[in-house]
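Okay, structure first, notes after.
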Amino acid sequence: LVFDGDSFVMDARGEVVYAIPELKQPPEGSGWDVIVDSSASALFVDRARDAGIELAENEEEAAAIASLCRLVAGLPLAIELVAARLSTLSLAELVSEVRDGLEGYGELRGTSERHQTMESTVRWSFELLDDSAQDLLAGLSVFVGGFTLDAARYISGSAAGGTETVSRDLQELVECSMVDRRGADGRYILLDPIRLFARDRLVESGRIDAVRAAHARAFHTIVVSAMRDLARSDRPAVYDGLDAEAANIRATLEWFAETGDWRDVCSLTSALAWYWHDRRRFEDSRRWAEFCRPHLDEADAWESAAIAC
């Protein structure tokens, strides 16, 4: 996926606003040779070809692609989401579906035109998913900094679809560009506009506390098991795995603290003590040890000793 809006600012209403890049769009009435020189159209054509779609490269297709790029304002992620639907719709059908879909959502008060287009395109793509894929995507919004298939299975038990369809639904989300898979380690990520949209759907469903709790239990188990077996494991590999999940681990500690579950805060802080020391994450170590000290009576003796050190 092409999206470089990693920076966030807070607007006057206290809502998160993300940066949205815009690609050069082809002029209206452009022929095939012209549109492939436009960065927006070139991205659409590349993604269509990546999906194995054969393009006739004629004037009719050029007009349709140019129209689609204009409809989504040349936004890279929106182009990706639209192009992903070519596996089930023709170009002409896609133009009609996108135009009708975006017009149907109306204006979002207080947001820029590009943000409105981005959110409307994400919503349009989301509503084409079946119920279990929608539920999974909403649940995946609790992850921070990416996740693995196994982690997705951990939290899916608290989603409406359960664990049985996770692999299938996750593959569908990747194929329609709602989820991105990066690198050889099999990690998945939700790009910011999709994650924020999915988070809102999770809140609306009333499941956010249950899914966040499942996420926290999963990473508590992952960390405690990894550190318990450290003597028999490849320590650098274990630490590399924990590095990859650092943001999820932090979210887990914050959830336990928010919910007053100080026993689990203490046990997780204790389990992470050697990892934080060896990786020189002294700020994390000091911060969570300080949070734990007033609650050491809720930890067992070994955990209390580890935190006190």
Side-chain angles (χ1 to χ4, degrees), residues 1-9 11 13 15-23 25 40 43-44 47-48 51 67-89 94-144 146-147 152 159 169-182 188-205 207-208 211:
L1 284 167
V2 179
F3 189 78
D4 59 3
D6 291 331
S7 57
F8 288 83
V9 296
D11 71 6
R13 293 164 294 128
E15 296 181 356
V16 173
V17 179
Y18 42 83
I20 298 182
E22 181 179 348
L23 299 179
Q25 302 173 51
L43 175 61
F44 185 96
R47 292 302 175 262
S67 179
L68 285 166
C69 291
R70 285 194 296 275
L71 282 169
V72 299
L75 304 177
L77 177 55
I79 291 170
E80 300 248 5
L81 293 173
V82 169
R85 296 297 174 178
L86 277 176
S87 59
T88 55
L89 298 170
L94 193 56
V95 172
S96 177
E97 288 279 336
V98 172
R99 181 183 291 116
D100 291 348
L102 298 189
E103 287 176 355
Y105 296 129
E107 293 188 1
L108 303 171
R109 184 178 300 175
T111 60
S112 71
E113 184 176 346
R114 285 197 295 167
H115 278 84
Q116 290 180 33
T117 300
M118 184 74 262
E119 180 160 344
S120 294
T121 307
V122 173
R123 183 183 296 274
W124 169 80
S125 189
F126 178 80
E127 291 180 354
L128 293 175
L129 301 171
D130 63 27
D131 289 347
S132 63
Q134 288 184 359
D135 287 335
L136 178 61
L137 183 66
L140 296 176
S141 68
V142 301
F143 288 105
V144 189
F147 58 93
D169 289 339
L170 188 54
Q171 182 61 31
E172 179 185 353
L173 293 172
V174 170
E175 289 174 355
C176 68
S177 294
M178 298 294 277
V179 171
D180 188 18
R181 187 171 188 177
R182 293 187 173 178
Y188 299 85
I189 65 164
L190 271 66
L191 297 183
D192 295 327
I194 294 174
R195 185 175 62 82
L196 294 171
F197 175 87
R199 183 83 163 201
D200 286 344
R201 305 292 76 75
L202 186 61
V203 171
E204 289 172 1
S205 74
R207 295 186 292 114
I208 188 163
V211 178

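Below, each value reflects all heavy atoms present in this structure, side chains not excepted, and no hydrogens, waters or symmetry copies.
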Donor-acceptor pair, Gln134 side chain versus Phe126 backbone, under 3.5 Å? yes
With sequence neighbours excluded, what pairs up with Gln25 under the side-chain hydrogen bond (donor to acceptor under 3.5 Å, both in side chains) test? Glu22
N/O donor-acceptor pair under 3.5 Å between Arg85 side chain and Leu94 backbone: no
Between Ser67 and Val95 the two heavy atoms that sit nearest each other are OG-CG1, 3.8 Å
Glu97: what forms a side-chain hydrogen bond (donor to acceptor under 3.5 Å, both in side chains) with it, not counting sequence neighbours? none
Taking atom CG of Leu128 and atom CD of Glu172, what is their separation to the nearest 0.5 Å? 9.5 Å
Closest non-hydrogen atoms of Leu86 and Ala48, given as atom of the first, atom of the second and distance, are CD1-CB, 3.6 Å
Could you state the interatomic distance from OG (Ser120) to NE2 (His115), rounded to the nearest 0.5 Å? 12.0 Å
Take Arg201 and Ser141, measure what side chain to side chain contact (heavy atoms under 4.5 Å, CB included) needs, and give me the verdict at the end. CA-CA 9 Å; Arg201 305 292 76 75; Ser141 68; over 6 Å; no
Stepwise side chain to side chain contact (heavy atoms under 4.5 Å, CB included) check, Leu137 with Phe197: CA-CA 10 Å; Leu137 183 66; Phe197 175 87; 5.5 Å; no
Residues two or more places apart in sequence or in another chain: which of them pass side-chain hydrogen bond (donor to acceptor under 3.5 Å, both in side chains) with Arg199? none
For the residue pair Phe147 and Tyr188, categorise the inter-ring angle as parallel (less than 30°), tilted (30 to 60°) or perpendicular (more than 60°). parallel
Check step by step if side chain to side chain contact (heavy atoms under 4.5 Å, CB included) holds for Leu23 and Phe44. CA-CA 11 Å; Leu23 299 179; Phe44 185 96; over 6 Å; no
Taking atom CD1 of Ile189 and atom CZ of Arg181, what is their separation to the nearest 0.5 Å? 13.0 Å
Applying side chain to side chain contact (heavy atoms under 4.5 Å, CB included), run through Val122 and Glu119 and close with a yes or a no. CA-CA 5 Å; Val122 173; Glu119 180 160 344; 5.6 Å; no
Residues in side chain to side chain contact (heavy atoms under 4.5 Å, CB included) contact with Val203, at least two apart in sequence or another chain: Ile208
By side-chain hydrogen bond (donor to acceptor under 3.5 Å, both in side chains), Asp130 pairs with (sequence neighbours left out) Ser132
With sequence neighbours excluded, tell me which residues meet side chain to side chain contact (heavy atoms under 4.5 Å, CB included) with Val144. Ala247, Asn248, Ala251
Could you measure the distance from the OG atom of Ser96 to the CG atom of Leu89? Nearest 0.5 Å is fine. 9.5 Å
Using every non-hydrogen atom in the two residues, find where Ile194 and Ser177 come nearest and quote the distance to one decimal. CD1-O, 3.7 Å
Drop me the distance from Leu170's CG to Leu140's CG, to the nearest 0.5 angstrom. 6.5 Å
N/O donor-acceptor pair under 3.5 Å between Ser125 side chain and Thr121 backbone: no
Exercise: identify the closest heavy-atom pair between Cys176 and Leu81: O-CD2, 3.6 Å
Minimum heavy-atom separation for Leu77 and Pro193, please, with both atom names. CD2-CG, 3.9 Å
Over all atoms of both residues, closest heavy-atom pair of Val72 and Val82: CG1-CG2, 3.9 Å
Against Leu173, only a single residue in Leu190, Asp180, Leu136 fulfils side chain to side chain contact (heavy atoms under 4.5 Å, CB included); can you say which? Leu136
